[in-house]
Amino acid sequence: MGLNAQIAGALTEMARLSELTGADSFRVRAYQRAARAFESLTTDAGDLDRQALLELDGVGHKMAEKVEHIAATGTFPELDELRDKTPAGLIEVLRIPGLGPKTVRAIWQTLGVESLDDLKKSIDDESIATVPRMGAKTIENIARAIDFAASAGDRTRLGLAAPLAALVRERLADVAGVKRLESAGSLRRGKETIGDLDILAVCDDPAALSQAFCDMPGVDEVLAHGETKSSVRMSIPNPRGGADARIQVDLRVVPEDAWGAALMYFTGSKEHNVRLRERAKKQGLTLNEYGLFPDDNEKEPPQKRGVKPKASKTEESIYNALGLSYMPPEIREDTGELDLDRAPRLIEVDDIVSELHAHTTASDGVLSIEELAKEAKSRGFHTIAVTDHSKSQQVAHGLSEERLREHIKAIRAAKVAGISILTGSEVDIMPDGNLDYDDDLLAELDVVVASPHWSLQQKPDKATKRLLKAIEHPLVHIVGHPTGRLINKRGGLEPAMNELIAAAIEHNVALEINCHWMRLDLRDTHVRAAVEAGALIAIDCDVHSAPDFDNIAYGVATGRRGWLTPENVVNTWTKKKLHDWLKAKR
DNA sequence: GCCGTTTTCGGCCCGACTGTTTTCAGTCG
């Protein structure tokens with residue numbers, strides 16, 4: 001684990017433990033905010049002096065001192081003190097949906113519950129009923145929430161959540177009187193994993209919509225069933241067989257006039273919304289999910305008193321009324337976007353006109369060279385590169401030198417009208433940083449994508465050297481999925497990303513955003529660092545079959561989360577510009 | 001614990017829903 005992650009982890013733990021011991025909520029929020037600053041920090045915190053630490057959002061003198069402690073010792077005195085006082089098992093109890101710090105604290109102090117197992121026992125022997133405000137219904141809900149947490153497991157990956165959300169919207173769109181329907185939440189912000197799905201609707205007959213929602217196939221539990229809000233739990237079939245994943249889906253029906261305010265509110269992020277409401281307040285306004293209103297300090301909310309909002313119908317009108325330009329959902333994370341005079345023109349799916357990382361039946365793909373090229377052509381691309389695996393990837397039928405030479409001939413012979421087919425390889429970066437083919441063979445290829453596939457548990461300094469060596473190689477164009485992580489499965493390499501980015505700029509190499517929803521590698525925070533430094537980015541689908549081209553949406557979303565604009569993305573370039581860049585390395 | 005174009009102290013976003021109560025505490029987003 002890198003230092004930044006370690007700092008973020010320690011501060012998050014501090015926040016959780018503080019909640020459990022009854023610290024005031026503003027102090028808890030301060031720890032959470034500082035933790036987020038280090039989560040998204042792309043320089044190594046160890047390289048920052050006191051002054052630089054203080055410049056981070058949400059870091060003051062006391063926090064900086066604690067951070068320096070963590071860097072030196074892995075912990076800090078206040079955290080150690082709280083760890084001594086608080087059972088470690090309570091953190092997992094806190095993760096059960098519906099159980100907050102107050103309740104966990106109560107069952108801990110009155111019953112001595114110190115872990116999830118203790119909690120289950122207290123339900124079984126009914127001792128939990130002696131805790132204040134603990135009625136039969138609450139106990140029943142806790143029991144169900146424990147089961148749900150066990151079966152839901154990790155957050156759902158974007159590539160599984162997005163199709164499910166589309167399916168839900170499709171079903172609801174058939175209900176009479178539905179006028180608007182949109183996914184909100186972290187799905188709309190394009191996060192790599194999703195906690196629960198939020199669907200927002202406008203409908204003439206909210207009751208019918210809500211009923212249809214709760215009656216959908218796949219719903220196995222209804223949590224709430226009202227006119228404006230309904231919640232269900234449903235299963236996502238596992239594409240590889242085995243146990244289904246479960247996810248909570250919320251439907252909210254809102255008034256048409258408040259659509260923009262509601263969409264903004266339910267899209268989040270929470271931190272972004274908090275900042276917006278603070279900003280509104282400073283301007284003598286108040287912002288809620290019904291609109292932006294004049295702040296008259298009345299207790300009753302303005303919309304209930306018939307006060308006319310300054311803005312509410314569209315998100316753009318609300319941002320404008322606050323003196324801001326429209327913010328694309330992907331950057332609404334309170335990581336500096338609210339300081340912008342104008343939001344950048346972010347990369348879009350339609351900007352992508354080439355694919356430089358694709359496999360055929362020669363290694364582990366299912367398409368022939370021609371089929372691949374035709375599919376790419378149908379997506380409006382001017383160029384497709386055929387980059388099958390290199391020889392070390394034996395499980396993927398990686399190509400020996402001889403087979404690659406034959407393959408090059410076959411690729412050159414293939415013709416599909418209207419698209420350039422380039423020869424290439426996704427060549428393994430060996431653990432020592434050498435490549436899997438000799439230079440004279442690599443020099444024959446139009447495109448070289450160098451990727452790490454194994455030995456992915458190397459120490460950070462070794463991983464950095466390994467990847468730097470590949471970047472410095474004069475024949476390499478692109479470094480594919482640079483960390484090799486698999487979301488929710490494998491952490492992958494943790495190289496010093498800033499060094500890689502600096503080297504990539506120096507050696508005119510593009511770093512890949514691999515679009516597969518299990519990878520999304522580079523991840524959003526890495527992209528942000530690359531964008532700030534001005535590095536080239538390749539957004540590629542790592543195509544193995546035709547539907548893989550659709551993963552482009554996830555890669556583009558990841559780019560947008562990193563504030564990526566089209567100019568530095570090689571896949572947006574014209575054919576001439578792209579081919580000139582490739583040839584410059586030959 | 002952070003922060004300052006009203007403030008170096010005294011604020012720190014807003015509302016819905018649920019379940020427990022009988023006027024509200026806790027959780028969530």
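Proteins come first, then strands; the chains are lettered A, B, ... in the order of their sequence lines, and each starts at number 1. The structure presented is a predicted model; accordingly, all values stated were derived computationally and were not measured.
Using a 4.0 Å heavy-atom distance criterion, Asp250(A) is classed as making no nucleic acid contact. Among the protein residues, Ala136(A) comes within range of the sugar-phosphate backbone only, with heavy atoms under 4.0 Å from sugar or phosphate atoms but none that close to a base. At the heavy-atom level, Val28(A) lies nowhere under 4.0 Å from the strands shown. Note on Gly268(A): nothing from the nucleic acid sits closer than 4.0 angstrom, heavy atoms only. Pro101(A) comes within contact range of the sugar-phosphate backbone alone, with a heavy-atom separation under 4.0 Å but no base atom that close.
Atoms NZ (Lys282(A)) and P (dT7(B)) sit 13 Å apart, rounded to a whole Å. dG1(B) atom C1' lies 14 Å from atom CG of Asp57(A), rounded to whole Å. Per the geometry, CZ belonging to Arg33(A) stands 9 Å off C1' belonging to dC3(B), to the nearest Å. Here the C1' atom of nucleotide dC2(B) and the CZ atom of Arg36(A) are 14 Å apart, to the nearest Å. The CZ-P distance, from Arg252(A) to dC28(B), rounds to 13 Å in whole Å. Put simply, CE on Met63(A) is 9 Å from P on dC3(B), counting in whole angstrom units. As rounded to whole Å, 16 Å separates atom P of dG26(B) from atom CH2 of Trp108(A). Atom CE in Met134(A) sits about 21 Å away from atom P in dC24(B), given to the nearest Å.
To the nearest whole angstrom, the two C1' atoms, one in dT23(B) and one in dT18(B), are 15 Å apart. Separation of the C1' atoms belonging to dT6(B) and dG1(B) is 23 Å when rounded to the nearest angstrom. Going from the C1' atom of dT7(B) to that of dC2(B) covers 14 Å, rounded to whole Å.
One finds no side-chain N or O of Arg133(A) lying less than 4.0 angstrom from the OP1 or OP2 phosphate oxygen of dT20(B).
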Let me have a per-nucleotide readout for nucleotides 12-18 of chain B, 5' to 3', with B, S or -, counting only protein heavy atoms under 4.0 Å.
BBBSSSS
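The cationic atom of Arg157(A) (NZ for Lys, CZ for Arg) does not lie both less than 6.0 Å from the six-membered ring centre of Trp517(A) and within 45° of the ring axis. Taking the centre and axis of the six-membered ring of Phe148(A), the NZ or CZ atom of Arg246(A) falls outside the cone set by 45° and 6.0 Å.
Nucleotide dT8(B) forms no Watson-Crick or G-U wobble pair with any nucleotide shown, as no partner meets the under 3.5 Å limit on both distances.
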Given Glu278(A) and Lys282(A), is the salt bridge (Lys or Arg N to Asp or Glu O under 4.0 Å) satisfied, shown in steps?
CA-CA 6 Å; Glu278(A) 285 172 356; Lys282(A) 280 184 192 146; 5.7 Å; no
Going through the checks in order, is the salt bridge (Lys or Arg N to Asp or Glu O under 4.0 Å) test met by Glu13(A) and Arg83(A)?
CA-CA 9 Å; Glu13(A) 187 183 355; Arg83(A) 278 174 174 164; 2.8 Å; yes
Test Arg523(A) against Glu192(A) for salt bridge (Lys or Arg N to Asp or Glu O under 4.0 Å), laying out the working first.
CA-CA 8 Å; Arg523(A) 70 190 69 180; Glu192(A) 62 189 37; 5.5 Å; no
Determine whether Arg50(A) and Glu68(A) satisfy the following criterion, salt bridge (Lys or Arg N to Asp or Glu O under 4.0 Å), listing intermediate values before the conclusion.
CA-CA 8 Å; Arg50(A) 172 63 69 97; Glu68(A) 286 162 359; 2.9 Å; yes
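With DNA chain B read from its 5' end, the first of the two nearest nucleotides for Gly135(A) and Glu78(A) is the one closest to Glu78(A). Place His61(A) and Leu99(A) on DNA chain B by their nearest nucleotides, and His61(A) ends up nearer the 5' end.
Between the side chain of Arg561(A) and the backbone N or O of Arg189(A) there is at least one donor-acceptor pair closer than 3.5 Å.
Comparing atom distances between the Lys62(A) side chain and each of dC2(B), dT27(B), dG19(B) picks out dC2(B) as nearest.
Counting only N and O atoms by type, the side chains of Thr267(A) and Arg188(A) include a donor and acceptor under 3.5 Å apart.
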